[in-house]
*Asks:* 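Below is one structure. I have some questions about it.
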Amino acid sequence: MADPNSEPLPKKNGLDGGSEDETVAAVENGVVVNHSGYRDQLKRQYSLLGLAGIAVTVDNAWVALGSSISVSIVNGGPPGLIFGLIVALFYYTFIGLGLAELASSVPTAGGVYHWATIAGGPKHGRFLGFLTGWINFYGWMFDLAALVQITANITVSMYVIYHRDTYSFEPWHVYVAYLLVLWICILTVIFGNKLLPYTQNAGMFFVIVGGIVTIIVLAAMPKQRASNYFVWGSFDENNLTGWQGGVAFFLGVLNGAFTVGTPDAITHMAEELPHPRRDLPIAIALQIGLGFLYAFCFAIALCYAITDLGILQGGINTYPLVDIYLQATADGEGNQNLGATFGLLFIIWCASMLCCIGTTLTNSRIYWALARDNAVPLSSLFSKVNERLSCPVSATFSLYHIPFFHRPLAIIATGIGAIPLGSEVAFLNLAGSFIILTTVSYAIPFAANVLTGRKHFPKGPFHLGNSGFVINILAVLFITLFDTFYCFPYALPTNAEIMNYNSVILAGVVVITMAWWVVHARRSYPGPKVMGLYVVHDDQVLHGAAPGGGQEVEGFGEKKGKE
C-alpha cells in the first residue's frame with residue numbers, strides 16, 4: 001500500500017481554487033487524498049455506463065430469480081414468487097435510498113464499513129465500522145459462493161440437456177464446475193482489469209437483451225399455458241412448508257430479496273469512478289429499478305410457462321429452470337426442444353459467468369478496504385496494490401508472495417463451495433446468509449446515523465433531507481422484520497438435515513469478528529482514515545469534516561480556541 005505521506009501527486013482540478021473535483025476529499029501534507037483518506041491507487045476507469053454495467057450484471061436480477069426459484073416454489077408456488085418479489089422491492093427501496101445518500105456523501109471503497117465508522121461518531125465509530133466491515137465481507141463471500149454454485153449448476157445442466165438418458169448426477173460434478181468457474185473469475189479480475197469494464201458491459205447486454213429474448217420466448221413458444229388462477233391465486237395449495245400462509249409467504253420473500261438485494265455492490269467501486277458522488281446514486285436506482293422490472297416480467301412469463309409444478313418441487317438444492325424451459329419449449333405433442341432449451345440456458349450461463357466476475361471484483365475491493373486500515377490478518381500484505389494491474393492482487397489472490405493458505409478470497413470461497421456436497425439445504429443457507437449479513441451491515445450505519453442525529457455526513461448531490469430520518473428508521477425496521485423470518489425453519493416439521501442455519505451463521509460471524517477485535521483490533525486497529533476527515537468531536541473543529549475539493553488538511557483536528 002502506498003503511504004499517503006509519500007510523494008505528492010500532480011494537482012487536480014479544484015486544488016488551486018478552480019472547479020471542485022469530487023474525487024478529492026482533502027490535501028494532506030501536500031498529498032491529494034480521496035474520500036477514504038488515501039491517495040488514489042486504482043485507475044478511475046468506469047464511466048456511468050460502465051458503473052451501470054457492473055450494477056445490472058452483479059444484480060443479474062431475472063437470472064437470480066429463476067435460478068433461486070427453489071427458494072420459494074414450495075412457499076406458495078407462482079403467487080408466492082411474484083408477490084414476494086414485489087414485497088422485496090418495497091423494503092429494498094428504503095435500503096437503496098439510504099445507501100444512495102451515504103454513497104453520494106462519502107464515496108469510498110469501504111462502503112458501509114466506512115459509513116458505520118462515521119455514523120458511530122468518535123465514541124463508537126471505530127468498533128461499529130470494524131463490525132460492519134467484517135459482516136459485509138462475509139455476506140458478499142456467501143453471495144459469491146451462491147452465484148458460483150448457480151453458474152456451476154447451469155454448466156452441468158447444459159451438458160445434461162443432450163445426455164439425459166445416460167448421465168448419472170453426482171454432487172461432486174457441480175463442485176468441479178464450481179472450482180473452474182471460481183478460479184476463472186479470480187484470474188480474470190487480477191490479470192484482466194483493463195477488460196473488466198467491457199466484461200460488465202457485456203454482462204449488461206446479456207441481462208437486458210438476453211432477458212428480453214428469454215421473456216419473449218417464454219411468452220410466445222409454449223403450446224400449453226398455466227391458468228390465471230395458477231399464476232395469481234394458487235398460493236394455499238402450493239404452500240408445502242407446513243407453515244401457515246402468512247409465515248410461509250414471508251419466508252418465501254427471500255427469493256425476491258436475493259433477486260434485488262445487491263444495492264451496495266457498486267458502492268465499493270467508488271475509488272474507480274471519476275464522478276462517484278453523482279453516479280453512485282444513479283447506478284443504485286438503475287440496479288434496483290431495472291432489476292425489478294426484468295425480474296417481474298420474467299417471473300410472470302415463467303409462471304405461465306409451467307405446466308407441471310410437481311417436478312419442480314423435488315428438491316430445494318436443484319436447478320429447476322431446466323425443467324421449466326423443457327416444458328415451455330415442447331411442441332404440441334410434448335416432444336422436447338433440446339436446442340431451444342440449451343439456447344435459453346446459454347443466455348443465463350453467460351450472464352451468470354459475468355455476474356460472478358463482477359461479484360469477485362466487489363469482494364476483492366471490500367477485503368482490500370479492510371486491509372488498508374489494518375483490520376485483517378497480514379494487513380501489510382493484503383493492502384498492497386499492483387498499480388500496473390490496477391488491482392489489489394493480494395486481497396484477491398497472490399501468485400507471488402503469499403503461501404497458499406493466506407489467499408483469503410480464493411480459499412474461503414473454495415471451501416464454501418464444498419458445503420453443498422453434504423447438505424440438501426446448502427443453497428438456501430448461502431442465499432439466506434448473504435441477505436441477512438449484508439442487510440445487517442446496512443442497518444448498522446442507518447441506525448447509528450439516526451442515533452447521532454445524522455450530523456457527521458456532509459450533504460452530497462443526493463440528499464434525503466429531513467425525510468432521511470424516517471427512511472433510515474423504516475429500513476432498519478424492515479431489515480429486522482424480514483431477517484427474523486429468514487431465520488425460521490424452512491419447513492415443518494424440521495430436523496437437523498433441513499434446518500435453517502442462518503441464525504447460527506450470523507452468530508458465528510459476529511463471534512469470529514468479536515474474537516478478532518479482542519485479539520487484534522482493540523489495540524492495533526487505529527480505525528479508518530475517514531474518522532479524521534468526517535468525525536467531529538464535540539470539542540474539535542476538524543478541517544475535513546465537510547471537505548470541499550482540494551481542502552487542505554493539517555491533521556485530525558484542533559482543539560477549539562487554539563490557532
*Asks:* If only side-chain N and O atoms count, and only distance matters, is there a donor-acceptor pair under 3.5 Å linking Trp140 with Thr438?
*Replies:* no
*Asks:* Contact between Asn75 and Leu254 at the side-chain level, heavy atoms closer than 4.5 Å - yes or no?
*Replies:* no
*Asks:* In a table with atom names and distances, give each donor-acceptor pair under 3.5 Å that connects a side chain of residues 464-472 to protein atoms at least two apart or in another chain.
*Replies:*
from	atom 1	to	atom 2	distance (Å)
Ser467	OG	Leu464	O	2.6
Asn472	OD1	Arg454	NH1	3.0

*Asks:* Yes or no on salt bridge (Lys or Arg N to Asp or Glu O under 4.0 Å) for Arg44 and Glu22, after CA distance, side-chain angles and deciding distance?
*Replies:* CA-CA 12 Å; Arg44 294 188 179 267; Glu22 63 179 273; over 6 Å; no
*Asks:* Are any of the side-chain nitrogens in Glu272 or Arg365 under 4.0 Å away from the carboxylate oxygens of its partner?
*Replies:* yes
*Asks:* Could you tell me whether a side-chain N or O of Ser104 sits under 3.5 Å from a main-chain N or O of Pro281, the two making a donor and an acceptor?
*Replies:* no
*Asks:* Verify whether one side chain among Tyr113 and Asp373 offers a donor that lies under 3.5 Å from an acceptor in the other.
*Replies:* yes
*Asks:* Regarding Ser433 and Asn502, do their side chains bring together a donor and an acceptor under 3.5 Å, going by distance alone?
*Replies:* yes
*Asks:* Okay, side chain of Thr57, backbone of Gly53: is any donor-acceptor separation there less than 3.5 Å?
*Replies:* yes
*Asks:* May I ask you to decide if Leu147's main-chain N or O and Thr151's side chain share a donor-acceptor pair within less than 3.5 Å?
*Replies:* yes
*Asks:* Check for a donor-acceptor pair, side chain of Asn60 on one end and backbone N or O of Ala64 on the other, with a separation under 3.5 Å.
*Replies:* no
*Asks:* Please check this pair: side chain of Thr108 against backbone of Gly110, looking for a donor-acceptor N/O pair closer than 3.5 Å.
*Replies:* yes
*Asks:* Has the side chain of Asn255 got a donor or acceptor atom that lies under 3.5 Å from a matching backbone atom of Ser68?
*Replies:* yes
*Asks:* I'd like to know whether Leu85 forms a side chain to side chain contact (heavy atoms under 4.5 Å, CB included) with Leu81, so could you lay out the CA-CA distance, the side-chain angles of the two residues, the decisive distance to 0.1 Å, and finally the verdict.
*Replies:* CA-CA 6 Å; Leu85 176 63; Leu81 175 73; over 6 Å; no
*Asks:* Please list all pairs meeting side chain to side chain donor-acceptor pair (under 3.5 Å) that have one or both residues in residues 291-305, counting only residues at least two apart or in different chains.
*Replies:* Asn228-Tyr304, Trp232-Tyr304
*Asks:* What residue among Ile479, Leu477, Leu474 forms side chain to side chain contact (heavy atoms under 4.5 Å, CB included) with Phe94?
*Replies:* Leu474
*Asks:* Excluding sequence neighbours, so at least two apart, what forms side-chain contact (heavy atoms from CB on, under 4.5 Å) with Asp59?
*Replies:* Ala61, Thr262, Gln287
*Asks:* Could you check whether any side-chain N or O of Thr132 sits under 3.5 Å from a backbone N or O of Gly129, counting only pairs where one atom can act as donor and the other as acceptor?
*Replies:* no
*Asks:* Would the distance check show the side chain of Thr267 and the main-chain N or O of Asp264 forming a donor-acceptor pair, the cut-off being under 3.5 Å?
*Replies:* yes
*Asks:* Tabulate below the donor-acceptor pairs under 3.5 Å that side-chain atoms of residues 198-211 make, not counting sequence neighbours, or state none.
*Replies:*
from	atom 1	to	atom 2	distance (Å)
Thr199	OG1	Leu196	O	2.7
Gln200	NE2	Leu354	O	3.4
Asn201	ND2	Pro197	O	3.3

*Asks:* So does Ala119 get a backbone contact from the side chain of Thr452, meaning a donor-acceptor N/O pair under 3.5 Å?
*Replies:* yes
*Asks:* Just to verify, what does Pro107 make a side-chain contact (heavy atoms from CB on, under 4.5 Å) with, not counting sequence neighbours?
*Replies:* His35, Ala270, Pro276, Arg277, Leu280
*Asks:* Please list, chain by chain and in numerical order, all residues satisfying side-chain contact (heavy atoms from CB on, under 4.5 Å) with Val476, sequence neighbours excluded.
*Replies:* Ala443, Phe446, Ala447, Thr480
*Asks:* Output, in order, the C-alpha distance, side-chain angles, deciding distance and verdict of side chain to side chain contact (heavy atoms under 4.5 Å, CB included) for His114 and Val106.
*Replies:* CA-CA 9 Å; His114 284 158; Val106 183; 5.6 Å; no
*Asks:* Any chance the rings of Phe137 and Tyr367 have centres within less than 6.0 Å?
*Replies:* yes
*Asks:* What about the rings of Phe292 and Tyr92, do their centers lie closer together than 6.0 Å?
*Replies:* no
*Asks:* Any chance the rings of Phe434 and Phe142 have centres within less than 6.0 Å?
*Replies:* no
